[in-house]
Amino acid sequence: MTAGENHTGLPPTVVDCALYQGGRRLPGPVGLNNVLDRIGPEAGRFVWIGLYEPTAEQIQQIADAFDLHPLAVEDAVHAHQRPKLERYGDVLFLVLKTIVYVDHDEITPTSEIVDTGEIMVFAGRGFAITVRHGSAPPLDGVRDELEADPHHLGHGPAAVLHAVADLVVDRYQEVADAFRTDIEQLESEVFSPDRPTDAARIYQLKRELLEFRRAVLPLAGPLERLGSGGTGIPGDVSAYLRDVADHHHRVAEAIASFGELVTGILNASIAQLSVQQNEDMRRISALAALIAVPTLVVGAYGMNFDHMPELTWRYGYPAVLTGIVVVCALIHRALRRNKWL
């Protein structure tokens, strides 16, 4: 056994490796040294190798054994790919973007709402290889569910490809439901008079929704191709893949509606801010109108003219004050009636 290998002869980056026949897992460890011999010409027999963030050196041994295309291997190592489906000879290479919802008490201008990862699937004659990167969910549950359904697993690598795609799209739906809750919360806050509007929080939600959209929408084409039956996928599995494509379409529609809602909320927030500024300006103008009356009267008496008969009138001072109060009261009443105050 060489350095960097485990007891199965596979690189340590391998999460699981199993041989299946007729939809059932065969007992005993599976090593790379004998996996090709064990697959052999047996009908319905295939190996499923699961990898997590392999390096180029770690995956090269597997790539050589199964004659994987160098371009697909490079994509599987470096990740950061768009969702896509490629066919290299008899091998299908599917790239899926995964989305994980990041729990948070409330959205802030710097909140991280979603975290992306990637899953690549190689599906060829006699083998299925899954490669995970980043926050992509473990596939243990998928493997257990498939092993509990020998009839479906009996379709071979195509069943693995379907199960992985189904898991990813189901997670899309979960994240979409969580986004819907966040949007409803922000919507109620925007139209609530008790809480100030923060456009930065809405914009952050819009940015995270855009990241969600970039992960989900490009997968529509690959799922359509897989469900059409033109990629060598068995007819029974194609029907399942069409169902996955239908679920994906519903999520894509939800994301489109979310985008419109968030844009509407952002516009409403900006409009409310403008309305608030207008109301503030109206109040300031109303107060200026009230102050203008006493300012004008007092300013007139402060010009020190020689001939101002009311200055010698006994009731001149209280009369002027009374006049100021009456005029200010009338102006105040008019402003209140027109809802400027």
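Note that these values count all heavy atoms, side chains included, but never hydrogens, waters or copies made by symmetry.
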Original post:
For the rings on Phe122 and Phe93, is their centre-to-centre separation under 6.0 Å?
Top reply: yes
Original post:
Are His104 and Tyr101 near enough that their ring centres are under 6.0 Å apart?
Top reply: yes
Original post:
Taking it one step at a time, do Val325 and Cys328 satisfy side chain to side chain contact (heavy atoms under 4.5 Å, CB included)?
Top reply: CA-CA 5 Å; Val325 171; Cys328 287; 5.9 Å; no
Original post:
Given side chains that start at C-beta, do those of Pro70 and Val73 come closer than 4.5 Å, heavy atoms only?
Top reply: no
Original post:
Tyr52 side chain to Gly134 main-chain N or O, any donor-acceptor pair under 3.5 Å?
Top reply: yes
Subject >> Side-chain touch Ile113/Asp182, heavy atoms, less than 4.5 angstrom >> reply: yes
**OP:** Find out if a path of hydrophobic residues (ILVMFWY) with successive side-chain heavy-atom gaps under 4.5 Å connects Ile49 to Val91.
**Re:** yes
**OP:** Report yes if the side chains of Thr98 and Thr116 come closer than 4.5 Å at any heavy-atom pair, otherwise no.
**Re:** no
Original post:
How many angstroms lie between atom CG of Leu219 and atom NE2 of His248, to the nearest 0.5 angstrom?
Top reply: 4.5 Å
Subject >> Spacing of Leu186 atom CG and Ile107 atom CD1 [to the nearest 0.5 Å] >> reply: 4.5 Å
Original post:
Does a side chain donor of either Gln58 or Thr55 reach within less than 3.5 Å of an acceptor in the other side chain?
Top reply: yes
Original post:
Quick check: are there more than 12 heavy atoms from other residues, nucleotides or ligands sitting under 6.0 Å from CZ of Arg180?
Top reply: yes
Original post:
Atom OH of Tyr203 and atom CG of Leu266: how far apart are they, to the nearest 0.5 Å?
Top reply: 9.0 Å
Subject >> Single hit among Val237, Leu226, Leu96 for side chain to side chain contact (heavy atoms under 4.5 Å, CB included) with Leu161 >> reply: Leu226
Subject >> Side-chain heavy atoms of His249 within contact of His247, under 4.5 Å >> reply: no
Original post:
Out of curiosity, does Ile129 fall in the hydrophobic cluster containing Val77 (side-chain heavy atoms, cut-off under 4.5 Å, transitive links)?
Top reply: yes
**OP:** Quick one: pull up CG in Leu209 and OG1 in Thr263 and give me the separation to the nearest 0.5 Å.
**Re:** 8.5 Å
Original post:
Between Thr108 and Ser111, what is the shortest heavy-atom contact and its length?
Top reply: N-OG, 2.6 Å
**OP:** Check whether any side-chain heavy atom of Leu68 lies under 4.5 Å from a side-chain heavy atom of Phe127, and answer yes or no.
**Re:** yes
**OP:** Measure across Gly126 and Pro157 and return the closest heavy-atom pair with its distance rounded to 0.1 Å.
**Re:** N-CG, 4.4 Å
Subject >> Rounded distance (nearest 0.5 Å) linking atom CD1 of Ile59 with atom CD of Glu53 >> reply: 12.0 Å
Subject >> Heavy-atom closest contact (Pro150 atom, Arg24 atom, distance) >> reply: CG-NH1, 3.6 Å
Original post:
What is the minimum heavy-atom distance between Leu146 and Ala163, and which atoms define it?
Top reply: CD1-CB, 3.6 Å
**OP:** Please tell me if the side chains of Val114 and Val102 come closer than 4.5 Å, counting only heavy atoms from C-beta onward.
**Re:** no
Original post:
How are the rings of His152 and His155 set to each other: parallel, tilted or perpendicular (split at 30° and 60°)?
Top reply: perpendicular
**OP:** Just jot down the side-chain contact (heavy atoms from CB on, under 4.5 Å) partners of Arg25, sequence neighbours excluded, or say none.
**Re:** Asp16, Ala18, Tyr20, Arg143, Glu147
Original post:
Does the distance from a Lys or Arg side-chain N to an Asp or Glu carboxylate O, for Arg250 and Asp246, drop under 4.0 Å?
Top reply: yes
Original post:
By the rule that ILVMFWY residues connect when side-chain heavy atoms come within less than 4.5 angstrom, directly or transitively, which residues belong alongside Val326?
Top reply: Leu330
**OP:** State, yes or no, whether a side-chain contact exists between Leu241 and Ile233 at a heavy-atom distance under 4.5 Å.
**Re:** yes
Original post:
With side chains defined as the heavy atoms from C-beta onward, is the minimum distance between Leu51 and Val15 less than 4.5 Å?
Top reply: no
Original post:
When you look at Val160 and Phe46, which way does the side chain to side chain contact (heavy atoms under 4.5 Å, CB included) test go after all the steps?
Top reply: CA-CA 11 Å; Val160 176; Phe46 74 97; 4.0 Å; yes
Subject >> Option passing side chain to side chain contact (heavy atoms under 4.5 Å, CB included) with Val244 (candidates Val169, Leu167, Asp170) >> reply: Val169
Subject >> Chi angles and distances behind the side chain to side chain contact (heavy atoms under 4.5 Å, CB included) call for Lys206, Glu208 >> reply: CA-CA 6 Å; Lys206 191 175 180 66; Glu208 293 293 297; over 6 Å; no
Original post:
Does the side chain to side chain contact (heavy atoms under 4.5 Å, CB included) test come out yes or no for Val47 and Phe66, once each step is laid out?
Top reply: CA-CA 11 Å; Val47 64; Phe66 294 101; 3.7 Å; yes
**OP:** Could you tell me which non-hydrogen atom of His133 sits nearest to which non-hydrogen atom of Ala76, and how far apart they are?
**Re:** NE2-O, 2.5 Å
**OP:** Working to the nearest 0.5 Å, report the span between CD of Gln185 and CZ of Arg201.
**Re:** 7.0 Å
**OP:** Consider only side-chain N and O atoms of Asp177 and Tyr172, and report whether a donor and an acceptor are under 3.5 Å apart.
**Re:** no
Subject >> Aromatic plane relationship, Phe179 with Phe212 - under 30° parallel, 30 to 60° tilted, over 60° perpendicular >> reply: parallel
Original post:
Hey, is the main chain of Ala79 close enough, under 3.5 Å, to the side chain of Gln81 for a donor-acceptor pair?
Top reply: yes
Subject >> Least distance between heavy atoms, Ala72 atom then Tyr88 atom >> reply: CB-CE1, 3.6 Å
**OP:** Salt-bridge test for Glu118 and Lys97: reply yes if a basic N is under 4.0 Å from a carboxylate O, no otherwise.
**Re:** yes
Subject >> Residues forming a ring-ring contact (aromatic ring centres under 6.0 Å, His included) with His78, sequence neighbours excluded >> reply: none
